[in-house]
Amino acid sequence: MIKLSRENLRIPKFEKPVYVVAGGLTDYRKRYPEKNSCQLCTEAIRMAVEQNDLKVSPDELRSMVNWCVYSQFADHFGDQLLAAAKIHDYLGFDPLGNIEVKTGGATGGSAVLSAAQAVASGYANCVPVVGWERMDEVSTKVGNSYIASAACKDFESELGWMYASYYALMAQRYQFENNVPRETLAQIAVKNHEYACYSPYAQSPGKYSIEEVLKNDIVSHPLSFLECCTMSVGSAVLFLADEETAYKLTDQPILLKAICGGSHTLRTADRRHMPILLLPNETEETYKDYFTGDRADWPGFSSFLASRMAAYLAYNMAGIKDPVEDFDLLETHDAFTISDIQTYEDIGLRPYGRGREFIESGDAYFEGRLPTNLSGGLIGTMHAVGATGIFQIVELLWQLQNKWEKFHADPELWHRYGKNKPSDFRNLQVENARRACAISHAGTGSHVTCAILEKP
Amino acid sequence: MIDWPTATLEVKDRDPLVVQNPKTWSHSHSYGGWGKFFLGLQEKKILATRCVNPSCAEKRLWLPPRCECPDCWSEMEWLEAPQEARIYTWSVVKYPGELFKLPSDTPLISVEIEGVCTKLLSWLKDGEPKIGMPVNAVFNTGRPTNTILDLAWVPK
């Protein structure tokens with residue numbers, strides 16, 4: 001759609017408040033033959049029910065569940081259709097109803113949205129959201145081809161069989177229009193690999209220099225390997241509940257104030273120019289000089305309408321006026337350094353064309369104005385696709401509950417995953433964090449969800 | 001008595017047990033109404049579509065073609081698109097995925113064509129890509145792949 005009607009832009013509302021009460025993760029690995037997918041999901045759900053200081057026993061919690069949501073991106077990776085039924089059975093939730101959600105890279109965000117809809121409508125009052133991905137049954141080359149089959153197979157996939165290339169095309173155009181120093185993009189990779197060093201769950205931690213990122217092997221020009229997300233195996237689980245149930249379960253439930261979705265054409269090619277959809281912190285004035293020089297289109301290849309749409313709805317639903325001011329934490333879907341900078345603009349951290357300032361100013365760092373991807377993100381920690389959007393919210397939940405240290409600093413936790421806590425460990429708990437945002441993202445922006453969490 | 005199967009799965013590892021599950025079949029994929037586009041490439045034509053509904057605002061060509069208009073769901077007409085374009089963006093793919101039929105280091109390009117509302121993804125058969133560079137269409141009619149790869153571009 002090029003013209004959006006008032007009804008198209010109706011702000012969603014929940015009939016009942018929705019709370020996030022507990023979260024659990026596994027560690028994330030490129031290959032994880034030691035545990036099958038059923039076992040990984042069990043491990044994550046056990047962490048959610050056993051380690052989140054709940055006021056009820058795991059048995060009691062199980063007896064409170066009345067609907068389940070499953071989140072897995074790609075059946076062909078796991079080579080198992082209806083895998084959700086297998087996981088649901090393994091977790092012992094039969095005969096409760098369940099649904100499996102699939103929206104590419106945004107599957108996790110969409111699964112949480114679906115669970116929130118169930119709780120908000122009164123359909124259910126306690127819902128586990130179980131996400132996982134198994135990407136290690138095939139070689140990396142075949143894996144990339146599997147992922148690229150989530151591009152249009154008739155007109156796109158044959159051109160590279162490589163999703164990074166579709167982002168590389170956006171990167172080139174973004175650079176042409178906005179002339180951002182390569183170093184700025186590399187800074188995002190440096191930051192997220194570094195934060196991954198303080199996560200026992202992380203698959204790709206590392207302290208790299210900007211130069212190392214830029215000199216790293218190129219996947220598809222101009223993106224280097226260190227600027228691209230991991231391909232992971234692992235699981236993440238979240239429990240959502242209505243108010244009454246939430247306070248029965250925990251003294252520290254976190255409100256899911258809003259979660260909204262947007263979309264755009266699967267093929268980047270098909271994105272026609274349209275007026276910029278303005279966020280609460282923007283006006284017509286913000287963009288009066290935008291379409292000058294080499295910029296002729298919006299969203300074009302430089303912006304994601306789906307992210308803008310999701311943020312527009314979620315910000316209005318949650319009463320967000322200025323995201324940098326109003327949020328204390330952010331988790332973006334940093335699949336590639338370029339998509340992260342694009343997202344900064346789409347969600348209004350800076351106006352279009354000025355996304356670089358968000359990272360260059362230091363805002364995006366721990367102790368900056370809006371610490372972003374302290375989890376290590378997709379570049380540093382994980383992209384077990386179906387689990388990713390859930391993982392982001394689990395990390396934010398623990399931050400808002402002031403439990404980051406409990407879930408990251410305990411040497412026992414590191415040992416559980418066969419690692420040693422690093423000697424230069426940094427505590428990344430954000431003091432007095434009240435409000436947080438998570439962006440889950442698919443395709444080259446085919447589906448995006450924006451979730452806003454708040455301390456009640 | 002029925003015999004044990006003769007086909008076995010190769011064991012890759014024993015602890016934990018990992019077996020190789022071979023996949024060898026193919027899919028019969030129909031392009032449906034879009035087949036016209038792929039057959040058109042064999043006649044050195046780029047066939048695009050345009051909405052015929054007089055009340056629909058989008059009068060530019062769609063490429064990739066759509067048989068029905070996304071703005072009004074009306075049937076579209078087929079027309080030949082120009083064979084001249086400009087490079088809108090590009091990338092050189094260094095590590096393509098399995099199934100890529102071209103060598104690594106092939107430049108991918110998105111092209112802008114006058115009168116077309118989309119920016120078709122394609123590849124550059126010759127030369128170094130640059131944004132804004134004028135290119136002409138070339139067609140693989142000798143041994144067609146019957147995929148989108150049968151269309152490519154060369155510097156003008």
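A note on names: the letters A, B, ... follow the listed sequences, proteins ahead of strands, and every chain is numbered from 1. Note that the structure is predicted; figures quoted are calculated from it, not measured.
Among B:Thr147, B:Asp15, B:Ile131, the residue making the largest number of heavy-atom pairs under 4.5 Å with chain A is B:Ile131. Residue with the most contacts toward chain A among B:Pro64, B:Ser110, B:Pro96: B:Pro64 (heavy-atom pairs, distance under 4.5 Å). Of the listed residues (B:Thr118, B:Leu120, B:Leu17), the greatest number of heavy-atom pairs within a distance under 4.5 Å of chain A belongs to B:Thr118. In terms of non-hydrogen atom pairs under 4.5 Å with chain B, the most contact-rich of A:Met162, A:Arg267, A:Arg271 is A:Arg267.
Contact record, B:Cys117 with A:Arg272: O-CG, 3.6 Å, taken as the closest heavy-atom pair. Among all heavy-atom pairs drawn from B:Tyr88 and A:Glu177, the shortest one is OH-OE2, 3.8 Å. Among all heavy-atom pairs drawn from A:Asp154 and B:Ile148, the shortest one is O-CB, 3.8 Å. Residues B:Thr89 and A:Arg173 share a closest heavy-atom pair of OG1-N, 3.2 Å.
Using a 4.5 Å heavy-atom cutoff, the side chains of A:Phe301 and B:Lys119 are in contact. Within the 4.5 Å cutoff, side-chain heavy atoms of A:Phe155 are placed close to those of B:Pro65. For the pair A:Leu159 and B:Leu149, the minimum side-chain heavy-atom distance is below 4.5 Å.
To the nearest 0.5 angstrom, A:His76 atom NE2 is 11.5 Å from B:Lys23 atom NZ. We find the CD-CG distance between A:Glu158 and B:Leu99 to be 7.5 Å, quoted to the nearest 0.5 Å.
For a heavy-atom cut-off of 4.5 Å, chain B lies close to A:Val142, A:Asn144, A:Ser145 in residues 142-152 of chain A.
Between the side chains of B:Ser91 and A:Ser165, no donor-acceptor pair of N or O atoms lies under 3.5 Å.
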